[in-house]
Each structure stands twice: as C-alpha cells, then as structure tokens.
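A quick write-up on the structure given underneath.
Because the structure is a prediction, the values reported are computed rather than measured.
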Amino acid sequence: MDAALQNTVSLAQMAPQAAAPKPTASEAKADWAAKEYESIFVSQFLGSMFSGIKTDELTGGGQGEEMFRSLMINEYGKAFEQRGGFGLAAQMKAQLLKHQEAKIQ
C-alpha cells in the first residue's frame with residue numbers, strides 16, 4: 001500500500017466519529033409542515049377522484065353526505081401520508097431544512 005494512502009487511512013480511523021445531528025425544534029417543525037403539506041396534497045388529489053362519484057341512495061345522499069365527504073377525504077389523505085404517501089414529505093423536509101440553513105449562515 002502506498003505510504004501516503006496508508007497515512008490517510010490511519011488518520012481516518014483515528015478521527016473521532018461525528019455524532020448524529022440531534023433534532024431541533026425547527027427540524028421537528030419542518031417535519032410536521034412537510035407531512036401536513038403532503039396530507040393536503042393527497043386530499044386534493046383524492047378529492048378530484050371523488051368529484052365524479054354521485055351519492056348513493058343506500059347511504060342517504062343529500063346535503064349531509066356532500067358536507068362530510070370532504071372531511072372523509074381529508075382523513076384519507078392523512079392516513080395515506082402516515083403510510084408513506086407519495087414520498088413528498090421527505091423531500092419537502094430536506095428542502096425546508098436546506099433553506100433554514102442558508103438563512104442562518
């Protein structure tokens with residue numbers, strides 16, 4: 001092995017390992033905001049899918065069903081996001097944290 005390479009390897013092995021970054025309040029807020037955004041996005045996506053579906057006579061239909069359908073779709077969006085969603089939350093969180101770091105420096 002080359003002497004310079006061996007010195008580099010031994011220095012890397014002796015260097016203290018950097019501790020994993022601890023979550024901060026702003027990271028927790030970024031995580032929450034990203035997940036909330038994805039949940040709303042999925043709800044809007046599902047809302048357009050449900051817009052063409054007419055109310056069923058079996059469930060009563062009418063104004064009540066029209067009013068509560070949006071609440072049901074919002075809950076579907078939250079449940080979908082909690083199971084991984086489209087993967088937007090992770091990307092959004094990374095971008096939010098990147099922008100926070102840029103403003104701090």
Side-chain angles (χ1 to χ4, degrees):
M1 187 183 289
D2 187 307
L5 180 60
Q6 188 174 5
N7 286 339
T8 305
V9 170
S10 63
L11 286 174
Q13 291 171 344
M14 292 189 305
Q17 296 296 322
K22 295 180 181 175
T24 63
S26 56
E27 185 174 345
K29 287 180 183 178
D31 186 53
W32 176 84
K35 288 180 178 180
E36 189 69 19
Y37 178 84
E38 183 170 16
S39 172
I40 292 170
F41 178 81
V42 171
S43 295
Q44 291 296 316
F45 180 78
L46 292 174
S48 65
M49 289 174 51
F50 277 92
S51 66
I53 298 174
K54 298 194 181 345
T55 57
D56 189 2
E57 294 298 320
L58 179 63
T59 58
Q63 245 181 345
E65 188 169 339
E66 288 176 27
M67 183 173 66
F68 288 108
R69 180 177 276 185
S70 65
L71 297 174
M72 178 188 70
I73 291 170
N74 287 341
E75 291 303 313
Y76 283 161
K78 289 176 187 177
F80 193 84
E81 185 279 319
Q82 288 174 350
R83 289 175 177 81
F86 294 137
L88 296 175
Q91 297 297 320
M92 291 290 295
K93 179 182 174 183
Q95 288 300 313
L96 288 170
L97 292 174
K98 182 178 174 182
H99 287 293
Q100 285 178 1
E101 289 173 4
K103 289 184 179 185
I104 292 173
Q105 294 174 353

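Side chain of Glu27 to main chain of Leu97: no donor-acceptor pair is present (N/O by atom type, distance under 3.5 Å, no hydrogens or angles). At distances below 3.5 Å, at least one donor-acceptor pair connects side-chain atoms of Ser43 with backbone N or O atoms of Ser39.
Here CG of Asp31 is found 12.0 Å from CE of Met92. Values are rounded to the nearest 0.5 Å. Distance OG/Ser48 to CD1/Ile73: 9.0 Å, rounded to 0.5 Å. Put simply, CZ on Phe45 and CZ on Phe50 are 11.5 Å apart, with the number rounded to the nearest 0.5 Å.
If you chain together hydrophobic residues whose side chains sit under 4.5 Å apart, Tyr37 and Tyr76 never meet in one group. Placement of Val42 and Met72 within a single hydrophobic cluster is found when ILVMFWY residues are connected by side-chain heavy-atom separations under 4.5 Å, directly or transitively. Leu71 and Ile40 end up in different hydrophobic clusters when Ile, Leu, Val, Met, Phe, Trp and Tyr side chains are linked at under 4.5 Å. The hydrophobic clustering, which links ILVMFWY residues whose side-chain heavy atoms are closer than 4.5 Å, places Phe80 and Phe41 together.
For the pair Lys78 and Glu81, the salt-bridge criterion is not met [side-chain N within less than 4.0 Å of a carboxylate O].
Counting only heavy atoms from C-beta outward, the side chains of Trp32 and Glu36 approach each other to under 4.5 Å.
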